[in-house]
Amino acid sequence: MDFHIYELGAFRNGRPEQPHGMAEIPHRHDFYEVMVFLTAGGEHLIDFKNYPIHGGSLHFISPGQVHLTTRNQNCRAFLLVFSANVLRTVLNMPRKPVALPYYQVDCHPILQPAPNEFKEYAELTMKIYHEYHRQNPLREELIRGYLNILLLRAKMHYLEAHPVLKVNKSRYTEIFSAFQTLIEAHYTQEARVGFYAEKLHISPGHLSKVSKSLTGKSASAHLIDRLVLEGKRLLSTVNLTQKEIAGQLGFCDTFYFNRFFKKNTGIAPGAFRTRNRAYENSEQIV
């Protein structure tokens with residue numbers, strides 16, 4: 001089973017023990033993570049935004065996201081790590097996009113449920129942890145069952161905490177969800193709203209209307225934001241030249257990429273890379 005769980009509460013020589021060693025600079029992975037923080041203390045950098053670590057919170061990390069946890073000694077947490085295949089198996093959706101809002105690019109990656117609600121997450125996490133370390137013939141089935149409950153319960157509480165996402169299952173919601181899926185598949189090749197509108201069998205104006213009504217941003221703004229985010233990720237975590245990164249993102253040359261990046265971030269790519277230099281390591285956890 002491509003799943004692991006770690007307890008992140010132990011310290012040695014005044015430093016927190018981390019699975020696979022210390023992760024002291026921003027990095028990214030090719031798997032999903034859930035961090036269940038039982039107590040407060042520290043900060044969590046996720047895609048270049050800092051979030052304080054509060055007790056009774058859940059942090060969700062998607063494949064490809066750049067992140068770094070800086071925990072204080074009084075911070076106790078559990079880390080759940082699993083592949084896309086495990087996630088799809090757990091959710092029983094092998095051929096569909098992952099429909100969990102906290103794993104979407106444009107969504108807030110933190111859930112802070114009420115204390116009585118968080119108690120259930122803590123109990124589910126402990127059950128997963130104990131089953132993970134037991135030699136039980138039904139171990140994998142039990143872990144999948146508990147993980148399924150945890151993720152779906154988190155989806156329910158997340159939608160309650162973000163009413164803009166909790167729209168009735170209307171045509172608008174379906175259109176925007178399909179638009180997000182198309183962005184992930186084509187954003188490095190297609191920057192035209194018309195391309196996505198044609199795929200969705202609607203007009204570009206209607207697509208932007210849907211996007212603005214649900215998120216407050218136009219369809220073109222979502223496309224720009226996704227390119228900017230990937231540009232930041234690549235500049236921070238890979239040893240490619242700016243010309244190679246520009247090519248990966250669909251720009252014909254470095255000049256246009258530099259101009260686009262600076263216009264939308266206020267900083268040149270080279271300066272951003274110097275300020276945020278990290279490393280690429282999909283094996284290291286946390």
Side-chain angles (χ1 to χ4, degrees), residues 1-8 18-21 23 26-36 44 46-47 58-67 69 77-111 121 124-159 174 177-189 226 229-230 233-234 237-238 248 279-286:
M1 186 178 183
D2 198 5
F3 172 91
H4 303 283
I5 182 170
Y6 304 91
E7 184 176 7
L8 305 179
Q18 305 274 34
H20 298 282
H27 54 283
R28 63 181 186 171
H29 316 294
D30 57 3
F31 44 75
Y32 290 90
E33 297 184 34
V34 181
M35 300 191 77
V36 182
H44 194 177
I46 304 175
D47 272 341
L58 291 87
H59 294 203
F60 300 91
I61 311 298
S62 302
Q65 283 193 305
V66 174
H67 84 119
T69 52
F78 284 88
L79 170 66
L80 290 76
V81 177
F82 43 91
S83 67
N85 288 336
V86 168
L87 181 58
R88 294 180 188 282
T89 300
V90 165
L91 298 176
N92 193 26
M93 49 189 305
R95 295 181 180 85
K96 298 180 182 178
V98 174
L100 297 174
Y102 40 79
Y103 282 136
Q104 302 304 313
V105 171
D106 292 325
C107 290
H108 188 65
I110 313 296
L111 177 63
Y121 291 107
L124 285 166
T125 302
M126 290 306 302
K127 288 178 179 178
I128 293 172
Y129 185 78
H130 290 312
E131 291 300 334
Y132 181 80
H133 291 284
R134 290 176 61 187
Q135 297 301 318
N136 184 335
L138 298 178
R139 169 178 172 268
E140 292 188 12
E141 287 82 355
L142 287 167
I143 289 174
R144 288 194 183 99
Y146 292 137
L147 183 59
N148 177 271
I149 296 170
L150 188 150
L151 294 173
L152 293 181
R153 184 71 69 186
K155 179 179 180 179
M156 181 186 75
H157 288 146
Y158 190 94
L159 293 175
E174 294 172 0
S177 178
F179 176 50
Q180 288 181 304
T181 301
L182 286 171
I183 288 177
E184 288 304 302
H186 302 287
Y187 72 94
T188 59
Q189 294 87 35
R226 187 64 185 91
L229 176 58
E230 196 63 23
R233 289 176 176 177
L234 292 173
T237 60
V238 297
Q248 282 200 14
Y279 65 96
E280 175 76 356
N281 187 346
S282 62
E283 297 299 321
Q284 185 162 4
I285 297 173
V286 183

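Contact record, Pro101 with Cys107: O-CB, 3.1 Å, taken as the closest heavy-atom pair. Of all heavy-atom pairs spanning Pro63 and Asp30, the tightest one is CB-C, 3.9 Å. The heavy-atom pair separating Arg233 from Arg226 by the smallest distance is NH1-NH2, 3.6 Å. Contact detail for Tyr121 and Leu150: the closest heavy-atom pair is CE2-O, 3.7 Å. Of all heavy-atom pairs spanning Arg28 and Gln65, the tightest one is CB-O, 3.0 Å.
The aromatic rings of His29 and Phe31 lie parallel to each other, with less than 30° between the two planes, well short of the 60° mark. Classified by interplanar angle (parallel below 30°, tilted 30° to 60°, perpendicular above 60°), the ring pair Phe60/Tyr102 is parallel.
For the atom pair OH of Tyr103 and OH of Tyr158, the computed distance is 12.0 Å after rounding to the nearest 0.5 Å. Atoms CZ and CG, from Arg153 and Leu58 in turn, are 13.0 Å apart once rounded to the nearest 0.5 Å. For the atom pair His59 NE2 and Leu111 CG, the distance stands at 9.5 Å (nearest 0.5 Å). In this structure, CD1 on Ile61 lies 8.5 Å from CG on Asp47, to the nearest 0.5 angstrom. Phe3 CZ to Ile128 CD1: the interatomic distance, rounded to the nearest 0.5 Å, is 5.0 Å. Note that OH of Tyr32 is 6.0 Å distant from OG of Ser62, once rounded to the nearest 0.5 Å.
Listed for the His27 side chain is a donor-acceptor partner under 3.5 Å among the backbone atoms of His67.
Looking at His130 and Asn136, their side chains never come closer than 4.5 Å, going by heavy atoms from C-beta outward. A heavy-atom distance below 4.5 Å is found between the side chains of Leu147 and Phe82. A heavy-atom distance below 4.5 Å is not found between the side chains of Thr125 and Val34. Two residues are said to be in side-chain contact when any heavy atoms from C-beta on lie closer than 4.5 Å; Val36 and Leu124 fail this criterion. In this structure, Thr188 and Glu230 have side chains that are not in contact, with every pair of non-hydrogen atoms separated by 4.5 Å or more. Val90 places none of its side-chain heavy atoms less than 4.5 Å from the side chain of Ile143. Looking at Asn148 and Asn92, their side chains never come closer than 4.5 Å, going by heavy atoms from C-beta outward. The shortest side-chain heavy-atom distance between Leu79 and Thr69 does not fall under the 4.5 Å cut-off.
Salt-bridge formation is detected for the pair Arg134/Glu131: a Lys NZ or Arg NE/NH1/NH2 atom is positioned less than 4.0 Å from an Asp or Glu carboxylate oxygen.
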